[in-house]
Amino acid sequence: MTALLYVIVKLAIMVSLGICLRKFRVIDERIQKGLSELLLKAILPFSIISSANYDYSIELVKAMLATGAAAMCYYAVTLVLMRKLSKKLPLEDDEKRIFVTMTVFANTGFVGFPLMYALYGERGLLLAVIFNMVYNLFMYTYGIHLVSGKKGELRQLILNPVTIASVAAIALFISPFRLPEIIVDPVADIGAMTIPLSMIIIGSSIATLPFLKVISDVKAYVTSLMRLVIIPGLALLAMFILYRLVPIMPTTAAVIVLMCALPCGSMNVIFSEKYNCAPKFAARSVVQSMLLMVITLPIMIFFCSIIFV
């Protein structure tokens, strides 16, 4: 609990800094966009590559395979279930489509990577990388198709810097080679900026939307309920049963559950704006889920810490 509190306070301070910087206009829309580009195209890939310098073990290979299989099941099942659920909700057609992607595709990059690294170190980050690769596969194919009505952008999937770094990290990990120390240190130092920069960007995003509109959007609460409570609760139950039946490392089970418990992904807003698919609803839902994760995510982390031991 002390370690958990330490992580939460550390992240909260970084997010608060982002809010203050945006409120005092140190960060504006242009700077935030530049910081996001810097994070996604440079710093985050370095962090991913750094995680691959972990000592090779057959147990970790099995954990990576288990995480990949769990992620495939998660996206395949939740996309079907959320699509059926959306048809029964009193939403506009475009809101139904973006509702599906927001409830299924969480913030695995900005929040997931730094959180898994903060909680479980390089092992946790490497497993998060595997989960995120499956995320990219579904998001850049079916996700874009659902939001836009067009075919998925395979080029974005393949040329995404995070995807390229993920493939390189896996190749490096399973190879007998490791990066020399003279390269490892600067790569790790650059990658270490992932957590503070991502939290500052999140804080800056939170500071942009009118607070009253965010907390009063009933439709967004339905999205947040599914994203932060129902889906991770079902994931926790499924992994608890599997954990009792199959020999799975505690870290593996915890990472899988927590990657399902993250707030709505910011890519949902980007694609909703690009294809004019209820962008205001998407933005309010993303920010609202980020605010509510302050309550729900520590609870999920606590449950994982006492169940998967």
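Every heavy atom of this structure was used, including side-chain atoms; hydrogens, water molecules and symmetry mates were not.
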Run the side-chain donor-acceptor check on residues 117-129: report pairs under 3.5 Å with partners two or more places apart or on a different chain.
unit_1: Arg123; atom_1: NE; unit_2: Tyr54; atom_2: OH; d: 3.4
unit_1: Arg123; atom_1: NH2; unit_2: Tyr54; atom_2: OH; d: 3.3

Note to self: Is there a continuous path of hydrophobic side-chain contacts, each under 4.5 Å between heavy atoms, that joins Val214 to Val218?
What the structure shows: no

Check: Does Val309 belong to the same Ile/Leu/Val/Met/Phe/Trp/Tyr cluster as Leu245, with side-chain heavy atoms less than 4.5 Å apart forming each link?
Finding: no

Notebook entry, point to check: With a 4.5 Å limit on heavy-atom distance, are the side chains of Lys219 and Leu89 in contact?
Noted result: no

Check: Quick check: does any side chain N or O of Arg83 sit under 3.5 Å from a backbone N or O of Arg97, one acting as donor and the other as acceptor?
Finding: no

Next item on the list: Please report the C-alpha distance between Met116 and Phe131 in whole Å, then the side-chain angles of each, then the deciding distance to 0.1 Å, and finally whether the side-chain contact (heavy atoms from CB on, under 4.5 Å) criterion is met.
Entry: CA-CA 11 Å; Met116 295 310 114; Phe131 198 101; over 6 Å; no

Checklist line | Evaluation steps, side-chain contact (heavy atoms from CB on, under 4.5 Å), between Ile190 and Met193 | finding: CA-CA 6 Å; Ile190 294 172; Met193 291 190 288; 4.0 Å; yes

Please tabulate, for the side chains in residues 181-188, all donor-acceptor contacts under 3.5 angstrom to protein atoms that are two or more places apart in sequence or on a different chain.
none

Next item on the list: Report the C-alpha separation of Val222 and Phe99 in whole Å, then their side-chain angles, then the decisive distance to 0.1 Å, and conclude whether the side-chain contact (heavy atoms from CB on, under 4.5 Å) test is met.
Entry: CA-CA 9 Å; Val222 177; Phe99 168 83; 4.1 Å; yes

Check: Are any side-chain N or O atoms of Asn132 and backbone N or O atoms of Tyr135, one a donor and one an acceptor, separated by less than 3.5 Å?
Finding: no

Note to self: Measuring only between side-chain heavy atoms, which start at C-beta, is Ser86 closer than 4.5 Å to Leu91?
What the structure shows: no

Note to self: Contact between Leu197 and Leu35 at the side-chain level, heavy atoms closer than 4.5 Å - yes or no?
What the structure shows: yes

Check: Got more than 12 heavy atoms from elsewhere within 6.0 Å of OH, Tyr221?
Finding: yes

Checklist line | Separation of Ile307 CD1 from Phe302 CZ (nearest 0.5 Å) | finding: 9.5 Å

Next item on the list: Would you indicate whether the side-chain heavy atoms of Ile201 and Ile27 approach each other to under 4.5 Å?
Entry: no

Checklist line | Euclidean distance, Leu297 CG relative to Leu292 CG, rounded to 0.5 Å | finding: 11.5 Å

Margin query: Could you report the tightest heavy-atom contact between Ile231 and Cys260, atom names first, then the distance?
Written below: CG2-O, 4.1 Å

Next item on the list: Search all heavy atoms of Ser216 against all heavy atoms of Leu212 and return the closest pair with its distance.
Entry: OG-O, 2.6 Å

For residues 249-259, which side-chain N or O atoms pair as donor and acceptor with protein atoms under 3.5 Å away, sequence neighbours left out?
none

Check: Looking only at atom types and distance, does a side-chain atom of Ser204 sit under 3.5 Å from a main-chain N or O of Ile200, one as donor and one as acceptor?
Finding: no

Next item on the list: Check whether any side-chain heavy atom of Phe281 sits under 4.5 Å from a side-chain heavy atom of Glu92, and report yes or no.
Entry: no

Note to self: If I take atom OG1 from residue Thr108 and atom CG from residue Leu262, how far apart are they, to the nearest 0.5 angstrom?
What the structure shows: 7.5 Å

Notebook entry, point to check: What are the two closest non-hydrogen atoms of Ala278 and Ile98, and how far apart are they?
Noted result: CB-CG2, 4.1 Å

Check: Does Met300 share a hydrophobic cluster with Ile306, counting links as ILVMFWY side-chain heavy atoms below 4.5 Å and allowing steps through other members?
Finding: yes

Check: When rounded to the nearest 0.5 angstrom, what distance separates CD in Glu29 from CD in Gln32?
Finding: 5.5 Å

Notebook entry, point to check: Would Phe303 end up clustered with Leu237 when hydrophobic side chains under 4.5 Å apart are linked, directly or stepwise?
Noted result: yes

Checklist line | Presence of salt bridge, Lys280 and Glu95, under 4.0 angstrom | finding: no

Check: Between Asn107 and Met293, is any pair of side-chain heavy atoms under 4.5 Å apart?
Finding: no

Next item on the list: Quick one: pull up CZ in Phe105 and OH in Tyr140 and give me the separation to the nearest 0.5 Å.
Entry: 10.5 Å

Checklist line | hydrophobic_cluster_shared for Ile295 and Ile215, side chain cutoff 4.5 Å | finding: yes

Check: If every non-hydrogen atom of Pro196 is compared with every non-hydrogen atom of Met14, which pair is closest and at what distance?
Finding: CA-SD, 3.5 Å

Next item on the list: Drop me the distance from Leu291's CG to Thr296's OG1, to the nearest 0.5 angstrom.
Entry: 11.0 Å

Margin query: Just so I know, are the side chains of Val15 and Val294 near enough to count as touching, which here means a heavy-atom distance under 4.5 Å?
Written below: no

Margin query: Main chain of Ala282, side chain of Asn268: is a donor-acceptor contact present, judged purely on distance under 3.5 Å?
Written below: no

What side-chain donor-acceptor pairs closer than 3.5 Å can you find for residues 37-49, not counting sequence neighbours?
unit_1: Glu37; atom_1: OE1; unit_2: Lys41; atom_2: NZ; d: 2.8

Check: Is a side-chain donor or acceptor of Arg178 paired with a backbone partner of Ser175 at a separation under 3.5 angstrom?
Finding: yes

Notebook entry, point to check: Name the one of Thr101, Val147, Leu137, Leu79 that satisfies side-chain contact (heavy atoms from CB on, under 4.5 Å) with Tyr142?
Noted result: Leu79

Margin query: Which residues pass the salt bridge (charged side-chain N to carboxylate O under 4.0 Å, His left out) test with Lys96, not counting sequence neighbours?
Written below: none

Considering only distance and modelled atom types, tabulate donor-acceptor pairs under 3.5 Å from the side chains of residues 61-75, sequence neighbours left out.
unit_1: Thr67; atom_1: OG1; unit_2: Ala63; atom_2: O; d: 2.8
unit_1: Tyr74; atom_1: OH; unit_2: Val104; atom_2: O; d: 2.6
unit_1: Tyr74; atom_1: OH; unit_2: Arg227; atom_2: NH2; d: 2.8

Check: Minimum heavy-atom separation for Asp217 to Gln288, with atom names?
Finding: O-NE2, 3.5 Å

